[in-house]
Each structure stands twice: as structure tokens, then as C-alpha cells.
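Keep in mind that this is a model prediction, so the values were computed, not measured. Below, read A as the first sequence line, B as the second, and so on, with proteins coming before strands; counting in each chain starts at 1.
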Amino acid sequence: MKSEPPTPRFAAEVLVTWFRKEGRELPWREPDVSPWHILVSEIMLQQTPVSRVAPVWQQWVTRWPLPSTMAAESPATVVRAWGKLGYPRRALRLHDCARTLAEEFDDQVPSDIDVLLTLPGVGAYTARAVACFAYGQSVPVVDTNVRRVIARAVHGQAEPGNPSTNRDLRDAAALIPEIDGDIFSAALMELGAVTCTARNPDCARCPLPHCAWVAAGRPPYEGPPRKTQGFAGTDRQVRGRIMDVLRTASGPVDRSRIDAAWLTDTTQRDRALLSLLTDGLVEQTMDGQFALVGEGES
DNA sequence: GAAACGTGGAC
DNA sequence: TGTCCAAGTTT
């Protein structure tokens, strides 16, 4: 007899059960982790792998137990503690966020998605991740993993097309069960992170009772080539070099130290430095030296 | 919607 | 060795 695809409800129960048994024991998933610390983990995890986030997050939890304790620090201190997680503007925004929470939210992280969205560095993903993981709300949480799982299991495509927040949220919302919706959202992400991965999806271990992509014979991705972002020789690399000099230094440095960080193209070097000043990551001191913003404040 | 934005591990 | 990829947000 012909077997129908299982109902979404059935698939959801299977996935929730799988997650409870197989889900990774990540430090921010431990009981009694505060919403503030979950928010910190989510910001750090934006485009940065779990393995690199974990040790830094552990230090931050101990060092800054409340938004107000972080807000009391200079931006330079926070950016330096951010280390080499990448995209240091995130550290700056998180510091801003801490200040906002301390001053306007009584040191508490709001639970309402629309309020969360007003916080610096908090976008469509992070707002829902906090609502779901910190407050147990049954809401769709769409990251790159979820988009990939839905592309495969639901749409039968090897890879998702270009992101579309509204469409992606609708897709994910349609799958959420009435019971354990928060666990389900976490499970969907986890499946994409550990099993339904970008490179070598481990279909043999997939708990889903039905996958449209597998049913179609795992056809290769058909669609416009996705834009790959280079790095070597870009302004981003130069910014990274300059930030590394400033993070490593204990205080303001001479212009010559900045210049030594990128010798091949002085125009590009100047442009990168200017962009760091514009971003508010770097500042120039009265005597013409350069430093992480707020260096010497606290 | 496109482009910019770090860093390092894996293949 | 070079490309791909990682719990996205902002402009």
C-alpha cells in the first residue's frame, strides 16, 4: 500500500523526542542560565561556530552576571574581551544593549519579540531565539540551519534559496506543534546543525520519518549560484589586522603601529581605519594616537 | 534586496 | 591551496 507522508504533528513529536535524547549539552542550555546570558550567547553565535564561542561565553558569564555590570565597563574592555570571535561591531552593540537594559529595562531582558527587536544587535533571529530559549515561547526561530532543514524536508530542495524573513517565518510557523513548540524550534535548529548539515548531511541518522528531498532522490541544488564572500585582500581583512593591533596593545598606539599592520595598499589601509573610526570601534586621542573606543575610561 | 562585516576549521 | 561555511544584523 502507498504510504502517505506523516502528519506534521507526528513529525514534530519524533523530532522533539530525538532532541531530548540526542541534543547537545551546550553550556547555555544548562538549567538556570539567565535570559541575559542566553542573549549574550545568541549574539556571539551570529556567524561564529559553537566551538569558538563556548570558552569566551563562559568567561563572560562569570565576569558580567548582569547587563549593568557590563554597562559599567568601557567599550574597549568589552571589545578586547570579545577577542577574535569576529565581527567586533557585535561586541559594541552588545555593550550598547547592556546599557539599554540596565537603564531602561531594570536590568531585565524583555520577553516580548517586538520589544527585543528594538535592542541593538538584535534582529529577527535573535529576538525569537531569546523568546523561545530563554522564555519558552512557542515561536518560529529561523536561522541558516532551519532554513536548510525546511528547504530539504519540506520543499525537497538541496539548499534554501535567498533568505526571506517573512516567507521563512511562515514556513517554520506552519510546522510548530501545539505541544512543546519551544522544544520543537530548538530541535529543528539542532537537526540542521548536527545532522542535516550543509556539506555532508547524515541522512542515515536523521530522525524525520519523511523528507521531501530524500524522497526525490536527493537532487542537487538547482538555482542561481549563491554569492560567495571572499576575504583575502578585502577591507574586512585589513580592519581585522588593525583591530588585532589595538586589542593586543594595552593602550593607545602610534599611527606607525597601525600602518605596520597593512603595508601593501596604503589607500585601503586608510579607508579601513576610517571605517573603524566611523563604526565607533576606534578613536583618536588628543595627541593623535589610536585606541579602542573608550580606552582609559574604566 | 544587495553589500558589508572577522575569523578559523574543514575538505 | 583555495573555497566553503558557521545560531545574522545593519545600512
> So what does A:Arg199 hit on the nucleic acid, given a heavy-atom distance under 4.0 Å: a base, only sugar-phosphate, or nothing?
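Here A:Arg199 touches the bases of the nucleic acid.
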> Categorize A:Arg24 for me: base, sugar-phosphate, or nothing, with a 4.0 angstrom heavy-atom threshold over every strand shown.
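Base contact - A:Arg24 has a heavy atom under 4.0 Å of at least one base atom.
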> Please confirm whether the shortest side-chain N or O distance from A:Lys84 to OP1 or OP2 of B:dG8 is below 4.0 Å.
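For B:dG8, OP1 or OP2 has a side-chain N or O of A:Lys84 closer than 4.0 Å.
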> When we call it a touch if two heavy atoms are under 4.0 Å apart, what does A:Leu26 touch: a base, just sugar-phosphate, or nothing?
base
> Under 4.0 Å, heavy atoms only, any strand: does A:Thr144 hit a base, just the sugar-phosphate, or nothing?
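If one applies the 4.0 Å heavy-atom cut-off, A:Thr144 turns out to touch the sugar-phosphate alone, with no base involved.
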> Quick check on DNA chain B: between A:Asn162 and A:Leu276, whose nearest nucleotide comes earlier from the 5' end?
A:Asn162
> Just the rounded figure in Å: distance from P of C:dC4 to CZ of A:Arg226.
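It works out to 8 Å between those atoms.
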> Look only at the side chain of A:Arg257 and the backbone of A:Val245, and say whether a donor-acceptor pair between them is shorter than 3.5 Å.
no
> Taking atom CZ as the centre, does A:Arg247 end up with more than 12 heavy-atom neighbours from other residues, nucleotides or ligands that are less than 6.0 angstrom away?
yes
> Mind calculating the distance between CD (A:Gln237) and C1' (B:dG6) to the nearest angstrom?
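Rounding to the nearest Å, CD of A:Gln237 and C1' of B:dG6 are 10 Å apart.
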> Can you tell me how far C1' of B:dC5 sits from CZ of A:Arg239, to the nearest Å?
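Result: 6 Å.
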> Indicate, with a heavy-atom threshold strictly under 4.0 Å, whether A:Gly123 touches base, sugar-phosphate, or nothing.
sugar-phosphate
> To the nearest Å, how far apart are A:Arg128 CZ and C:dG8 P?
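In whole Å, C:dG8 P and A:Arg128 CZ are 15 Å from each other.
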> Decide whether A:Ser256 and A:Asp254 meet the rule of one side-chain donor and one side-chain acceptor closer than 3.5 Å.
no
> Expressed in angstrom and rounded to an integer, what is the separation of A:Tyr221 atom OH from C:dC4 atom P?
13 Å
> Using the rule given for side-chain hydrogen bond (donor to acceptor under 3.5 Å, both in side chains), can you reason through A:Arg90 versus A:Thr48, listing the C-alpha separation, both sets of side-chain angles and the distance that settles it, and then say yes or no?
CA-CA 11 Å; A:Arg90 289 182 294 165; A:Thr48 303; 2.9 Å; yes
> Do A:Arg80 and A:Glu73 meet the salt-bridge criterion of a basic N to acidic O distance under 4.0 Å?
no
> Quick one: label A:Thr126 by what it contacts on the DNA or RNA (base, sugar-phosphate, nothing), any heavy atom closer than 4.0 Å.
sugar-phosphate
> Rounding to the closest angstrom, what is the interatomic distance between B:dA4 and C:dA7 at atom P?
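The answer is 23 Å between these two P atoms.
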> Examine the base of C:dT9 for any acceptor or donor lying under 3.5 Å from a partner atom in the side chain of A:Arg90, and report the outcome as yes or no.
no
> For a quick check of understanding: with a heavy-atom distance under 4.0 Å over all strands, which category does A:Trp28 fall into, base, sugar-phosphate or nothing?
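A:Trp28: base contact, heavy atoms under 4.0 Å.
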> Using a heavy-atom cut-off of 4.0 Å across all strands, would you classify A:Ala124 as base, sugar-phosphate, or nothing?
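The answer is sugar-phosphate, as A:Ala124 gets under 4.0 Å only of primed atoms, P, OP1 or OP2.
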> Which nucleotide in the set B:dT7, C:dT9, B:dC5 lies at the smallest distance from any side-chain heavy atom of A:Tyr87?
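Of the candidates, B:dC5 comes closest.
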> Find the distance A:Arg89:CZ to C:dT9:C1' and express it as a whole number of Å.
8 Å
> Considering only the P atoms, how many Å lie between C:dT11 and B:dG6, rounded to the nearest integer?
14 Å
> Which whole-number value in Å describes the distance from A:Met44 CE to C:dT9 C1'?
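It works out to 17 Å between those atoms.
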> Could you check whether A:Val122 gets within reach of a base, just the sugar-phosphate, or nothing at all, counting any heavy atom under 4.0 Å?
sugar-phosphate
> Measure centre to centre between the rings of A:Trp82 and A:Trp60, then say whether the value is under 6.0 Å.
yes
> If the test is side chain to side chain donor-acceptor pair (under 3.5 Å), which one of A:Arg226, A:Arg152, A:Arg148 qualifies with A:Glu159?
A:Arg226
> Give A:Gln229 one of three labels, base, sugar-phosphate or nothing, depending on what nucleic acid heavy atoms sit under 4.0 Å from its own.
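Base: the residue A:Gln229, judged by heavy atoms under 4.0 Å, touches a nucleobase.
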> Students often get this wrong, so: under 4.0 angstrom with heavy atoms, is A:Thr48 touching a base, only sugar-phosphate, or nothing?
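Base contact - A:Thr48 has a heavy atom under 4.0 Å of at least one base atom.
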> Quick one: is A:Gln47 getting a side-chain N or O under 4.0 Å of the C:dG8 phosphate, OP1 or OP2?
yes
> Give the rounded distance in Å between these two atoms: CZ of A:Arg148 and P of C:dC4.
16 Å
> Taking the side chain of A:Asp235 as its heavy atoms from C-beta onward, which of B:dG8, B:dC5, C:dT9 lies nearest to it?
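The nucleotide sitting nearest to the side chain is B:dC5.
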> Base, sugar-phosphate or nothing for A:Pro163? Non-hydrogen atoms, less than 4.0 Å.
nothing
> Look at all strands and tell whether A:Ala129 reaches a base, only sugar-phosphate, or nothing, counting heavy atoms closer than 4.0 Å.
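Contact class for A:Ala129: none.
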> For A:Asn200 and for A:Leu85, find the nucleotide of DNA chain B with the closest heavy atom, then tell me which residue's nucleotide is more 5'.
A:Leu85
